[in-house]
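Numbering of ligands and ligand atoms starts at 1, following listing order.
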Amino acid sequence: MRTIKLHLSWGSYEILIGHSLLSQVGETLKKSGFKDKIVIITNPVVGLLYGDSLRSGLEDHGFAPVILEVPEGEKYKSLVQAGKLYNHLADFQAERRTPVLALGGGVVGDLAGFVAATYMRGIPLVHLPTTLLSQVDSSIGGKVAVNHQRLKNVIGSFYQPELVITDIATLKTLPEKELENGMAEVIKYGVIRNRALFELLENKIGSIKALDEGLLEDVISLCTDIKAGIVEKDERDLGLRNILNFGHTVGHAIETVSHFRIAHGRAVAIGMVAEGMISRRMSILSDSELNRMKLLISRAGLPVKISGLDIRKLIKAMKHDKKKIGGKIRFALPKTIGDVFISEEVSPLTVEQVLKELYEETQDLCHNRQ
Ligand code: NAD
Ligand code: GLY
């Protein structure tokens, strides 16, 4: 098991990464000083797979857990669902030190985190991420949110968990498409911060997709370490943390315009290609680096082009993005693999040209999948 500590000005918390850690949650929470009532928030898919064993493990350690399920899907990351959860917390007589355990992927984590952040002005939050995406990204760093109408993550807060327990064994039940979605964020870390990680992915993508346990622990730990290091320097996303949004300016627009039909990871994959192409058009990123990025994204099973979405709507959605400041759209653009910079100087024309090029591109890299 690896332990990564995330230090912030007001304190720190641990991210535990290893195999079969869910079976030890009771013991771990007891050591962390929790007792009595525990609220597990999950969805029916993850609840069915891991809910009962988690609950009985907690009961074995003297806890009184309750499982609350929210329906499956991004559209339920909403204020309406948060409202229903507040009712359940009140019925359960949750108290200021009653922890919320977010058992699931990023949807459950963001929603449960939002509820923990706001109920009684904040009750303890413990993330138990069960998708690759949530293990390398959404469970780390304290962004919690719900969507509002078509706007993604627009109502939220920064609310750090007290503990993150990442059980890599849960990835065994994850559908392949979801593993691929998580790979988008993993590749992102390589591009923004760690060329050696990118090269490791180029060399071992097949073994990672085949869930090689040791390799997964290494890769998830590397990603966690990168994200923790960035969050430590910029908890509130006022500067450096913006680099984590590589691929997300275009990606969030794709999610919004597709009405969340295109999953976050896939949207980010296309977004990384688009933002790489913007950098290339600005004569910053070389052709060969861009092609390496595209090839790896494609080999991970992810899309590298857009189809069926209106370009004007995508541009409009980008203008509504939370990352926009003073009317300018903000991009994290790669200089090389392993290094990015933030730019607010991308012309709308360049964005439009790149989106058109992405539609027009006929080369299908998907046959390169390993
Ligand atoms: P998700 O939570 O929808 O999970 C994907 C699917 O996998 C769901 O159907 C879920 O039921 C299922 N699932 C989860 N774990 C499973 C398991 N172990 N076995 C079988 N099935 C399992 O999607 P996601 O990709 O984890 O998260 C996407 C969300 O995360 C988006 O809402 C995005 O906005 C958010 N996000 C937040 C942050 C942040 O910093 N807070 C960062 C990135 C993404
Ligand atoms: N997922 C981007 C961030 O946490 O800042």
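With ligand atoms numbered from 1 in the order given, ligand 1 contributes 18 (N) to contacts under 4.0 Å with heavy atoms of Tyr50. For ligand 2, the atoms sitting less than 4.0 Å from at least one non-hydrogen atom of Asp137 are 1 (N), numbered in the order shown with element in parentheses. The contact set between ligand 2 and Lys143, taken as ligand atoms under 4.0 Å from a residue heavy atom, comprises 2 (C), 3 (C), 4 (O), 5 (O). Those atoms of ligand 2 with a heavy atom of Leu244 less than 4.0 angstrom away are 2 (C), 3 (C), 5 (O). Every atom of ligand 1 is numbered from 1 in the order shown, and the set under 4.0 Å from a heavy atom of Thr170 is 17 (C), 18 (N).
The side chain of Asn153, and not its backbone, has at least one atom closer than 4.0 Å to an atom of ligand 1 (non-hydrogen atoms only; side chain from C-beta on). If you look at Asp110 next to ligand 1, the close heavy atoms, those under 4.0 Å, all belong to the side chain. Contact annotation for Val231 and ligand 2: no heavy atom of the residue comes within less than 4.0 Å of the ligand. For Leu171, no heavy-atom contact with ligand 1 is shorter than 4.0 Å. Looking at Lys227 against ligand 1, only its side chain comes within 4.0 Å, counting heavy atoms. Contacts of Lys143 with ligand 1, taken as heavy-atom pairs under 4.0 Å, involve both backbone and side chain. Contacts of His248 with ligand 2, taken as heavy-atom pairs under 4.0 Å, are absent altogether. Heavy atoms of Thr130 found under 4.0 angstrom from ligand 1 belong to the backbone as well as the side chain.
Transitive grouping of hydrophobic side chains (ILVMFWY, heavy atoms separated by less than 4.5 Å) keeps Met120 and Ile40 in distinct clusters. Note on Leu355 and Leu285: same hydrophobic cluster, where clusters join Ile, Leu, Val, Met, Phe, Trp and Tyr whose side-chain heavy atoms are under 4.5 Å apart, directly or indirectly.
Taking a cutoff of 4.0 Å between a charged side-chain nitrogen and a carboxylate oxygen, Glu357 and Arg280 qualify as a salt bridge. Salt-bridge check for Asp212 with Lys204: failed, with every basic side-chain N at 4.0 Å or more from each acidic carboxylate O. Salt bridge status for Lys209 with Glu180: present, with a side-chain N to carboxylate O gap under 4.0 Å. A salt bridge is absent between Lys84 and Glu69; no separation between the charged side-chain nitrogens and carboxylate oxygens falls under 4.0 Å.
The minimum heavy-atom distance linking Phe63 with Lys30 is given by the pair CZ-N, 3.9 Å.
In terms of protein heavy atoms, atom 16 (C) of ligand 1 is closest to Leu174 CD1, 3.5 Å. Among protein heavy atoms, the minimum distance from atom 10 (C) of ligand 1 is reached at Glu72 OE1, 3.6 Å. Looking only at heavy atoms of the protein, atom 31 (C) of ligand 1 is closest to Glu74 OE1, 3.2 Å. Ranking protein heavy atoms by distance to atom 26 (O) of ligand 1, first place goes to Thr131 OG1, 2.6 Å. Regarding atom 43 (C) of ligand 1, its nearest protein heavy-atom neighbour is Asp137 OD2, 3.3 Å. Atom 20 (C) of ligand 1 has as its closest protein heavy atom Thr173 O, 3.0 Å. Looking from atom 38 (C) of ligand 1 to the surrounding protein, the closest heavy atom is Ser138 CB, 3.2 Å. The protein heavy atom nearest to atom 24 (P) of ligand 1 is Gly106 N, 3.5 Å.
Judged purely by atom type and a 3.5 angstrom limit, Lys188 uses its side chain to pair as donor or acceptor with the backbone of Leu244. At distances below 3.5 Å, not a single donor-acceptor pair connects side-chain atoms of Glu178 with backbone N or O atoms of Leu132.
Residue-to-ligand polar distances place Lys152 within reach of ligand 1: an N/O pair is separated by less than 3.5 Å. Note: an N/O pair closer than 3.5 Å links Val107 and ligand 1 by distance alone.
Taken from OG in Ser286 to CD1 in Ile337, the straight-line distance is 7.5 Å, to the nearest 0.5 Å. Atom-to-atom distance recorded for Tyr50:OH and Thr130:OG1 is 7.0 Å, nearest 0.5 angstrom. In this structure, CZ in Arg299 is found 6.5 Å from CD1 in Ile205, a value given to the nearest 0.5 Å. Taken to the nearest 0.5 Å, the CG atom of Leu171 stands 5.0 Å off from the CD1 atom of Ile220. With rounding to the nearest 0.5 angstrom, the CD1 atom of Ile67 is 13.0 Å from the NE2 atom of His88. A distance of 4.5 Å separates CE of Met1 from CG of Leu16, quoted to the nearest 0.5 Å.
Under a 4.0 Å heavy-atom criterion, Asn181 is not in contact with ligand 1. Remark: distances from the non-hydrogen atoms of Pro175 to ligand 1 include one below 4.0 Å. Ligand 2 has Lys227 within reach: a non-hydrogen atom of the residue lies less than 4.0 Å from it. The shortest separation from a heavy atom of Lys172 to ligand 1 is not under 4.0 Å, leaving the residue out of contact.
For the residues Leu133, Asp167, Val144, the heavy atom positioned nearest atom 44 (C) of ligand 1 is part of Leu133.
Other residues, nucleotides and ligands place more than 12 heavy atoms under 6.0 Å from the CZ atom of Arg195.
Note: His264 and His252 have tilted aromatic rings, judged against thresholds of 30 and 60 degrees for the angle between ring planes.
The protein does not reach atom 12 (C) of ligand 1 closely, with no heavy atom under 4.0 angstrom from it.
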